[in-house]
Structure formats: structure tokens, C-alpha cells
Amino acid sequence: MKRFLIFVFVHLLVFLILIAHQVRAEDDEWYINDFGNYIVAAVPGEVVHGDKLRFVIKKTNCNKLSLMFSFLSYKNPKRLPSLQGRKVPFRINGSKTLLLAKILLVKLAFGNNSYFVMFVTPESYSIDEMSAAIMKEYRSNNKFSIELGKVEEFNPEDYFDIYYNNWILDKYPEKISEARGMCEGKVLQS
């Protein structure tokens, strides 16, 4: 009987490990979508899965790229809508240099219990230059993280319960090439 229980336990453990591995592999998947006027390549976050890092290519210029990211917040729902349109600081991989992102959208989510907040860089950049910089930063730290920065006019702790996230960008080069190809009409959406 004892052998039988060990046999069942080992098989159950192996089964669960395989299932858990499969779920994790799917969690890291990219999404590339054609939204008519632009192509978006997105990857889910590691800290909060729903917080996506998005790379946007407008079809008017397939050689330019904008960065978008989102954070979900359950904190301070009455004050969050006032952020829409503001520029707020953020940093990549803990850098001391603060960059600016515009808050593009603040939208109620999950039964009006939280807000989805979408950020965008104010400019588009050369895909080749931005991709080289992103991958250099990613490879030097083996991560790509964004954290909202604190300045006198803005304290992210006043608005967000979690104001940072990490993304896995191992597949970035191939996915951004696929997105650019879709923009140029060379690759069909998968």
C-alpha cells in the first residue's frame, strides 16, 4: 500500500509540474494586434500580469515606435481620474534618470473597484535605435522594469498600490520585427 501511495504521489507531482510549466510558458507570451491605424506588440507583466508593456507602431511610419505601459490601481479611486492628461515621471531598471510619460487614459475596471491607467511616451522613436537601447538595458540587467518616480508634484504612492512592474523581453527582437512586418504589410497576423 505504501508503495502504491508513493507511486501515485510521484505521478501526481510530475503531472502538476508539467501543468504549472505549461501555464507559466503561456504567461510569457506576446500579443501582436493590428488595430487599423497602428500595430501593437504587447507582453504581460511579471508583478501584475494585467499590466502590459506595449510597443506601438503607427502605420503612417513603420520605422517609428512609441512605448506604452499600464498599471492597475485599487488605491484612491476618487483622485485617479484627475491624473488623465498629466505627465508623470518614471524610471527604467531603477535608473536615477527620470523620464516622462503622459497619462493617456484612466478607466474604471473590475466592477468599478479599480482603475486601469495607460501611460505613453510623448514621442515616437526610431525602431532600430530604441530597440537597440531596450535590448542593451534588458541584457545588462536581465530584466526590464518600469517604476513611477516621485517628484514634488507627484507621489505615485498617493495613487497606486503597486507602481512598478517587470517584463520579460527575451522575444522582443523577433516580435518587434514581426510587428514591423505587419505594419509594412509583409507579414500576416498570426
Side-chain angles (χ1 to χ4, degrees), residues 21-72 83-95 97-107 109 115-149 163-190:
H21 174 72
Q22 180 66 26
V23 170
R24 178 64 185 148
E26 290 176 5
D27 284 348
D28 294 341
E29 289 305 307
W30 284 73
Y31 307 95
I32 300 176
N33 295 301
D34 184 335
F35 289 101
N37 294 328
Y38 51 93
I39 304 294
V40 176
V43 63
E46 288 189 291
V47 177
V48 178
H49 185 80
D51 289 349
K52 304 237 183 323
L53 181 61
R54 295 168 177 88
F55 301 92
V56 181
I57 305 171
K58 289 185 182 178
K59 287 186 177 178
T60 55
N61 186 347
C62 297
N63 294 314
K64 293 285 190 174
L65 183 70
S66 296
L67 180 70
M68 296 175 82
F69 57 94
S70 58
F71 289 130
L72 187 68
L83 291 178
Q84 189 159 325
R86 283 184 61 184
K87 289 184 180 177
V88 297
F90 72 97
R91 67 185 57 172
I92 295 174
N93 284 355
S95 169
T97 303
L98 288 174
L99 307 167
L100 285 179
K102 181 179 179 182
I103 297 179
L104 186 64
L105 176 71
V106 178
K107 184 176 180 178
Y115 277 92
F116 169 80
V117 183
M118 175 71 75
F119 302 81
V120 64
T121 54
E123 298 178 34
S124 294
Y125 304 94
S126 158
I127 285 182
D128 295 332
E129 291 174 15
M130 188 169 181
S131 294
I134 286 170
M135 291 312 294
K136 180 180 178 185
E137 187 64 35
Y138 180 67
R139 288 183 180 127
S140 70
N141 294 300
N142 232 4
K143 72 173 186 172
F144 190 85
S145 66
I146 291 179
E147 177 182 4
L148 296 178
Y163 50 92
Y164 58 88
N165 209 335
N166 307 318
W167 294 272
I168 297 173
L169 299 184
D170 294 335
K171 296 181 182 178
Y172 174 84
E174 67 190 69
K175 295 302 180 180
I176 208 65
S177 291
E178 184 179 335
R180 183 189 234 171
M182 285 176 66
C183 181
E184 295 169 343
K186 295 178 184 173
V187 178
L188 296 176
Q189 185 174 355
S190 56

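It should be emphasised that the depicted structure is a prediction, and the values quoted were computed from it without experimental measurement.
The backbone N or O of G45 lies less than 3.5 Å from no partner atom in the side chain of D51, so there is not a single donor-acceptor pair.
Within the 4.5 Å cutoff, the side chain of R180 has heavy atoms near those of the N63 side chain. Residues L53 and I146 have side chains in contact (heavy-atom distance under 4.5 Å, counting atoms from C-beta outward). Inter-residue side-chain proximity for F69 and F90 is flagged as met; some heavy-atom pair is nearer than 4.5 Å. By the 4.5 Å heavy-atom criterion applied to side chains, F55 and K175 are not counted as neighbours. A heavy-atom distance below 4.5 Å is found between the side chains of H49 and P44.
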Stepwise side chain to side chain donor-acceptor pair (under 3.5 Å) check, S66 with T121: CA-CA 6 Å; S66 296; T121 54; 4.8 Å; no

Criterion side chain to side chain contact (heavy atoms under 4.5 Å, CB included) on W30 and E178, from CA distance to verdict: CA-CA 11 Å; W30 284 73; E178 184 179 335; over 6 Å; no

Stepwise side chain to side chain contact (heavy atoms under 4.5 Å, CB included) test for K58 and K64: CA-CA 7 Å; K58 289 185 182 178; K64 293 285 190 174; over 6 Å; no

Ring pair (Phe, Tyr, Trp, His ring centres under 6.0 Å) evaluation trace for Y172 with F144: CA-CA 11 Å; Y172 174 84; F144 190 85; 8.5 Å; no

Side chain to side chain contact (heavy atoms under 4.5 Å, CB included) between R91 and L98, worked out: CA-CA 5 Å; R91 67 185 57 172; L98 288 174; 2.8 Å; yes

Worked check of side chain to side chain donor-acceptor pair (under 3.5 Å) between S145 and N93: CA-CA 5 Å; S145 66; N93 284 355; 3.2 Å; yes

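Atom CD of E174 has more than 12 neighbouring heavy atoms from other residues, nucleotides or ligands inside a 6.0 Å radius. Shown here is Y164, whose OH atom has no more than 12 heavy atoms of other residues, nucleotides or ligands within 6.0 Å.
Put simply, CG on N33 and OH on Y38 are 10.0 Å apart, with the number rounded to the nearest 0.5 Å. Expressed to the nearest 0.5 Å, how far CG of L83 lies from CG of L105 amounts to 12.0 Å. The CE atom of M135 sits 6.5 Å away from atom CG of L169, with the distance rounded to the nearest 0.5 Å. Atom CD of E184 sits about 12.0 Å away from atom NZ of K59, to the nearest 0.5 Å. Interatomic distance, L67 CG to L99 CG, rounded to the nearest 0.5 Å: 9.5 Å. For the atom pair SG (C183) and CD1 (I32), the distance works out to 12.0 Å, reported to the nearest 0.5 Å.
Between the side chains of Y138 and D170, at least one donor-acceptor pair of N or O atoms lies under 3.5 Å.
For the side chain to side chain contact (heavy atoms under 4.5 Å, CB included) test with M130, the passing option among I134, D128, I127 is I134; the others fail.
Between E29 and K171, at least one side-chain nitrogen of the basic residue sits less than 4.0 Å from a carboxylate oxygen of the acidic one, meeting the salt-bridge criterion.
Taking both residues in full, the closest heavy atoms of A101 and P122 are given as CA-CD, 4.5 Å, listed atom of the first, atom of the second, then distance. Pairing each heavy atom of R54 with each of F116, the nearest pair is NH2-CZ, 4.1 Å. What you find for Y31 and K52 is that their closest heavy atoms are CE1-CE, 4.2 Å. For I176 against S131, the heavy-atom pair with the smallest separation is CG2-OG, 4.0 Å. The nearest pair of heavy atoms linking V106 to I103 is CG2-CG2, 3.7 Å.
Aromatic ring orientation, F119 versus F71: perpendicular (interplanar angle above 60°, classes split at 30° and 60°).
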